[in-house]
Amino acid sequence: MKRRKFIQSASLTGLGVVSGAAIACKENTSEMPSEKNAVTTISPKTKIPMVIATWNVAKSTEKAWEVLQEGKSALDAIEQGCMVEEANAEGQSVGLGGLPDRDGNVTLDACVMNKEGNYGAVVCMQNIVHPISVARKVMENTPHVILAGKGAEAFAVSEGFKRENLLTEASKKAWEEWKKTSKYKPIINIENHDTIGMLAIDKNGDISGGCTTSGLAYKMAGRVGDSPIIGSGLFIDNEVGGATATGLGEEVLKTVGSFLIVELMRQGKSPQEACEEAIGRIVKKSPNFEDFQVGYIAVNKKGETGAYSIHDGFYTTTYQNDKNESKKPDFYNKK
Ligand code: ASP
């Protein structure tokens, strides 16, 4: 095996690059002198385990990281990481305290996808704080992949989840204020924090993902966005990588954005190139792209990440190599 290829596959399997290099030298002694230099310049750090999420959600990625450090699965990390933000009453775009629809009802969308390509989702579900966990139960305990509305809520209760009022005083006030004009306009970068899309790779190198949201503020009753829809708000293929989205769900749905990104990575694009192409697809098809935001994040099997959005103001949080970092990705609309 050629050395460069070997190093690639070493990081693919999560082997430390330094030990990989040592084995490579043994295999091909004629390459040893130049390889010595190469070994000293390559970081010994592996890129996994790791977790990446949309927006500034350091507490969520920290929780996910802790779970990964315990040797648990990427799916466990995703669920527990997302739960942190769902329970945060101050966040007005996910779980408890989410901004309601036009009628004042908080309706939640969420999904998970695991290393086997299994998927579970709840859409337009009310009164349950942790839709991400209910989505996981749909995947694991039912013969279906999506449960909606009252059915999803009844299923959650049958699984032991408690009904709670999700409309906080702050979100109720915001809705009452909105009702004065009732002007519906998707807001770009709402409160610098939005749908939580999360991708993780565990110590075994297996990938899972999750996505959870209260959807667009003041949406029509019954509206479902991209976040709980496989291929749009989230897609995982454990052989290739994963992708997830935030922003105007209608646009992500029309271009099946997360599936597109994973398929582009399968064809050899880096996560960054794939995210940029998926944003490019939306921009090309939607002449009014200046009026809405979409942001994508992606990770490949090696733990390399990418992120891109239409407009400035999108953030990501990555916990990798012992560092929990907020990053500001590049974006399309530089005008
Ligand atoms: N993508 C979500 C939706 O369309 C909302 C968001 O991320 O802002 O429901």
Side-chain angles (χ1 to χ4, degrees), residues 52-57 60 82 85-86 88 91-95 97-102 105-113 121-126 131-132 135 146 148-149 152 166 171 174 178 184-199 209-235 242-261 275 278-279 281-282 286 288-289 291-298 307-317 329 331:
I52 182 169
T54 54
W55 303 105
N56 284 319
V57 288
S60 290
C82 288
E85 202 44 55
E86 287 178 342
N88 174 13
Q92 289 185 304
S93 49
V94 175
L99 289 169
D101 65 13
R102 291 172 197 193
N105 296 312
V106 181
T107 65
L108 305 178
D109 297 337
C111 73
V112 293
M113 195 161 179
V122 289
V123 303
C124 214
M125 184 179 72
Q126 295 184 47
I132 198 81
I146 306 178
L166 303 179
S171 289
W178 174 81
Y184 178 69
K185 192 173 183 297
I187 306 160
I188 292 178
N189 302 326
I190 179 170
E191 61 170 2
N192 192 23
H193 167 308
D194 224 312
T195 296
I196 304 306
M198 192 180 273
L199 309 166
C211 197
T212 181
T213 189
S214 50
L216 295 180
Y218 319 127
K219 59 196 173 185
M220 291 173 71
R223 181 265 186 188
V224 174
D226 61 310
S227 306
I229 304 300
I230 189 170
S232 290
L234 176 74
F235 194 71
T244 184
T246 180
L248 188 61
E250 282 73 5
E251 298 296 327
V252 177
L253 281 160
K254 287 190 287 183
T255 49
V256 200
S258 294
F259 182 72
L260 173 63
I261 291 170
C275 288
I279 289 292
R281 189 75 58 94
I282 292 176
S286 295
N288 63 329
F289 71 85
D291 299 337
F292 61 83
Q293 174 71 303
V294 171
Y296 286 117
I297 60 171
Y308 200 64
S309 58
I310 299 176
H311 301 286
D312 195 8
F314 178 44
Y315 285 85
T316 66
T317 313
F331 56 95

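As the structure lists them, so they are numbered: ligands from 1, and atoms in each ligand from 1. Remember, predicted model here, so these are calculated numbers, not experimental data.
Numbered from 1 in the order shown, with element, the atoms of ligand 1 that lie under 4.0 Å from a heavy atom of S227 read 1 (N), 2 (C). Near G215, the atoms of ligand 1 lying under 4.0 angstrom from a non-hydrogen atom of the residue are 9 (O). Short contacts between ligand 1 and T246, defined as distances under 4.0 Å to a heavy atom of the residue, involve ligand atoms 6 (C), 7 (O). Applying the 4.0 Å criterion to heavy atoms of G249 picks out, from ligand 1, the atoms 4 (O). For ligand 1, the atoms sitting less than 4.0 Å from at least one non-hydrogen atom of D226 are 1 (N), 2 (C), 3 (C), 4 (O), numbered in the order shown with element in parentheses.
A search for side chain to side chain contact (heavy atoms under 4.5 Å, CB included) contacts involving I230 returns M113, Y119, F235, not counting sequence neighbours. Qualifying salt bridge (charged side-chain N to carboxylate O under 4.0 Å, His left out) partners for E251, counting only residues two or more places apart in sequence or in other chains: K254.
Nearest to atom 1 (N) of ligand 1 by heavy-atom distance, out of G247, P228, G225, is G247. Which of T54, T195, V224, L248 comes nearest to atom 7 (O) of ligand 1 through a heavy atom is settled by distance: it is T195.
Rounded to the nearest 0.5 Å, atoms CD1 (I282) and OH (Y296) are 3.5 Å apart.
Where the criterion is an N or O separation shorter than 3.5 Å, residue side chain and backbone included, R223 meets it with respect to ligand 1.
By the 4.5 Å heavy-atom criterion applied to side chains, V112 and I132 are counted as neighbours.
With respect to the salt-bridge test (charged N to carboxylate O, under 4.0 angstrom), the residues E250 and R223 qualify.
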Q: Check step by step if side chain to side chain contact (heavy atoms under 4.5 Å, CB included) holds for L166 and L108.
A: CA-CA 10 Å; L166 303 179; L108 305 178; 3.5 Å; yes
